[in-house]
Each structure stands twice: as structure tokens, then as C-alpha cells.
Amino acid sequence: MLDLPRLSVPTLPIDGSADRFPVRRIFCVGQNYAEHAREMGGDPDRAPPFFFTKPADAVVENGASLPFPPRTQDLHHEVELVVALGAGGTDVAVEDALALIYGWAVGIDLTRRDMQAIAKKAGRPWDMAKGFDRSAPIGSIHPGTPPASGAIALSIDGDPRQSGDLADMIWSVPEIIANLSTYVELAPGDLIFTGTPAGVGPIAPGQAVQATIAGLPPLDIAFQN
């Protein structure tokens with residue numbers, strides 16, 4: 001009989017601890033900043049939150065040197081606040097949502113934009129545009145609840161590309177958690193990307209990317225030529 005595969009759970013470092021945070025699932029909310037919704041052709045005044053996913057093993061730690069993803073000529077960056085859940089539930093009330101959070105981090109939702117555009121036009125799923133290998137760089141998890149406001153930004157080779165404030169979210173972190181819990185039963189280990197400000201754009205091979213949120217260390221990744 002063939003040996004069964006031996007799988008390990010992806011983990012992320014935790015600030016101030018030798019322990020690591022186990023990643024169960026990754027959820028992402030789309031178009032959660034008004035200006036980004038407009039630049040993507042959406043209407044922030046009408047659209048309720050919508051979600052997509054990435055596989056848990058898409059996580060990449062700070063300082064990684066990444067191969068440029070295959071099958072794309074238009075890889076885009078999207079800097080985001082990521083919340084890590086330490087508890088779960090279904091139909092969570094907005095006023096109870098913050099109690100589910102273990103910590104928060106800065107992340108980058110990498111997107112094969114050309115592949116996403118083809119999928120949108122054909123009415124097909126976004127999976128291969130959003131959930132590919134190494135598509136979720138995330139910094140270390142900072143225990144506690146994230147602030148409701150604070151600068152969020154991204155630069156490439158030192159040039160500013162994205163700049164906004166967490167207060168500009170259309171749906172707040174508690175509202176995102178509560179809404180998502182009506183679709184799935186949330187659980188400890190789940191991560192939620194909470195949306196990106198305007199200014200998303202391309203990354204080229206050989207470029208270095210830095211993502212920042214006030215109160216957290218920078219997240220730095222680089223792409224190989």
C-alpha cells in the first residue's frame with residue numbers, strides 16, 4: 001500500500017511570541033474602499049460586500065523572494081489589512097464580531113489581473129486569478145484588535161503606489177466578519193483580507209514591494225527576474 005501524504009498546516013509568525021498562528025482558511029472581501037471600487041468599475045454606494053477565497057498555503061512570510069507567477073503579463077498588488085480569527089461562529093452580531101479576532105497584520109492580495117479580466121468577461125470563477133501559489137504575502141500577526149483608522153500604503157522600489165486610511169473602508173471590520181458569518185461558519189485560524197485602497201497596479205519581475213499599515217512593521221517581498 002502506498003504511504004499517505006503527510007501534510008503540515010501553514011503558519012505565520014506572531015509578534016512577541018515563539019508560537020506561530022495556524023492558517024485554516026483565507027477569505028477576502030472585494031472592493032471595500034470607495035475609490036478602489038470606482039477604479040474597478042463598481043458602485044460603492046450600492047454594492048453589498050462580496051467574498052472570494054485563497055488557499056491556506058498561499059501565505060508567504062515577510063522578506064520572501066518570489067518567482068514571478070506563471071500565466072500572467074499583468075500581476076497586480078493590493079495592500080490590505082488582514083484580521084486573524086481566534087474564535088468563530090455563525091450569524092455573528094456586529095457588536096460581537098471584534099471578540100472573535102486574535103490579531104491583525106498587513107497583507108498583499110496578489111492578482112493575475114489579465115486572467116481575472118478574462119474570467120469576468122466569460123462569467124467564470126476567479127480562482128486562478130486570485131488563489132494561485134504564493135498569492136497571499138502576510139506580515140507577522142500582531143495580537144489584539146485592529147484600529148478603525150490608520151494609514152495603509154504600498155510602494156514598489158520605493159515609489160508610492162497606494163495610499164489610504166483604514167477609516168475609508170465601506171464596510172468596517174466588525175461588519176465584514178458579521179456578514180461573512182452568514183455565508184460560512186467562521187473558525188479559529190481563519191484569515192480575512194479586508195479590501196484595498198485605490199492605486200492598484202502592475203508589478204514587474206525584479207521589483208521589490210513594501211506594504212505598510214500604521215502600527216505594524218513593514219511587509220517586504222521581492223520578485224525574481
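Given the structure is predicted, the values throughout are model-derived calculations rather than measurements. Starting from 1, each residue takes its place in the sequence as its number.
- With a 4.5 Å cut-off on side-chain heavy atoms, Y102 and I141 count as touching.
- Using modelled atom types, one side-chain atom of D165 and one backbone atom of G150 make a donor-acceptor pair closer than 3.5 Å.
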Report task. Apply the test side chain to side chain contact (heavy atoms under 4.5 Å, CB included) to residues T111 and V200: give CA-CA distance (whole Å), side-chain angles for both, the deciding distance (0.1 Å), then the verdict. Result -> CA-CA 10 Å; T111 304; V200 302; over 6 Å; no
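- A 4.5 Å side-chain heavy-atom check between S155 and H77 finds every atom pair outside the cut-off.
- Of the inter-residue distances, the one linking T194 atom OG1 with N32 atom CG reads 6.5 Å to the nearest 0.5 angstrom.
- At a threshold of 4.5 Å between non-hydrogen side-chain atoms, the residues V173 and W104 do not count as touching.
- Contact annotation: the side chain of T212 never approaches that of L216 to less than 4.5 Å [non-hydrogen atoms, C-beta and beyond].
- Here the rule is side-chain contact (heavy atoms from CB on, under 4.5 Å) with L100, and of V83, T145, I177 only I177 fits it.
- Of all the heavy atoms in Q224 and P205, the pair that sits closest is O-CB, 3.7 Å.
- Around atom CZ of R124, no more than 12 heavy atoms belonging to other residues, nucleotides or ligands sit under 6.0 Å away.
- A distance-only check finds a donor-acceptor pair linking the side chain of E80 to the backbone of G195 [under 3.5 Å].
- From L66, atom CG reaches atom CG of L75 across 9.5 Å, with rounding to the nearest 0.5 Å.
- In this structure, a donor-acceptor pair under 3.5 Å is present between the side chains of T72 and D114.
- We find the CG-CG distance between L219 and L154 to be 8.5 Å, quoted to the nearest 0.5 Å.
- Note: the hydrophobic cluster containing V29 also contains V79 (ILVMFWY, side chain heavy atoms under 4.5 Å, direct or indirect links).
- No continuous path of hydrophobic side-chain contacts links V106 to V82 [ILVMFWY only; heavy atoms under 4.5 Å].
- No side-chain donor-acceptor contact under 3.5 Å links Q162 to the backbone of G199.
- Atom CD of Q210 and atom CD1 of I108 lie 9.0 Å apart (nearest 0.5 Å).
- Linking Ile, Leu, Val, Met, Phe, Trp and Tyr residues whenever their side-chain heavy atoms come within less than 4.5 Å leaves V59 and F132 in two separate clusters.
- Under a cut-off of 6.0 angstrom, the local environment of CD in E95 is crowded, with over 12 non-hydrogen atoms contributed by other residues, nucleotides or ligands.
- Counting only heavy atoms from C-beta outward, the side chains of S140 and N62 never approach each other to under 4.5 Å.
- For the atom pair L186 CG and L180 CG, the distance stands at 4.5 Å (nearest 0.5 Å).
- Here the closest heavy-atom approach between residue P188 and residue R24 is recorded as O-CD, 3.6 Å.
- Across all non-hydrogen atoms, the minimal contact from L12 to E61 is CD2-CG, 4.2 Å.
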Report task. Kindly indicate, with the supporting measurements, whether the criterion side chain to side chain contact (heavy atoms under 4.5 Å, CB included) is fulfilled by I138 and F21. Result -> CA-CA 12 Å; I138 302 174; F21 187 86; over 6 Å; no
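- Between E78 and R113 the shortest heavy-atom distance is OE2-NH2, 2.6 Å.
- Taking the six-membered ring for Trp and thresholds of 30 and 60 degrees, F68 and F223 have ring planes more than 60 degrees apart, a perpendicular arrangement.
- Shown here for L85 and A187, the closest heavy-atom pair between the two residues is CB-O, 3.9 Å.
- Taking 4.5 Å as the limit, some side-chain heavy atom of W126 sits within range of a side-chain heavy atom of K120.
- In terms of hydrophobic clustering, with Ile, Leu, Val, Met, Phe, Trp and Tyr side chains grouped at heavy-atom distances under 4.5 Å, V60 and F193 are assigned to different clusters.
- Closest non-hydrogen pair, R112 versus P70, comes out as NH1-O, 2.7 Å.
- Taking CZ from F52 and CD from Q116, the interatomic distance works out to 7.5 Å, rounded to the nearest 0.5 Å.
- A heavy-atom distance below 4.5 Å is found between the side chains of K54 and D109.
- The hydrophobic cluster containing L98 also contains I213, counting ILVMFWY residues as joined when their side-chain heavy atoms lie under 4.5 angstrom apart, directly or transitively.
- Residues I176 and F51 form a side-chain contact, since some pair of their non-hydrogen atoms from C-beta on lies under 4.5 Å apart.
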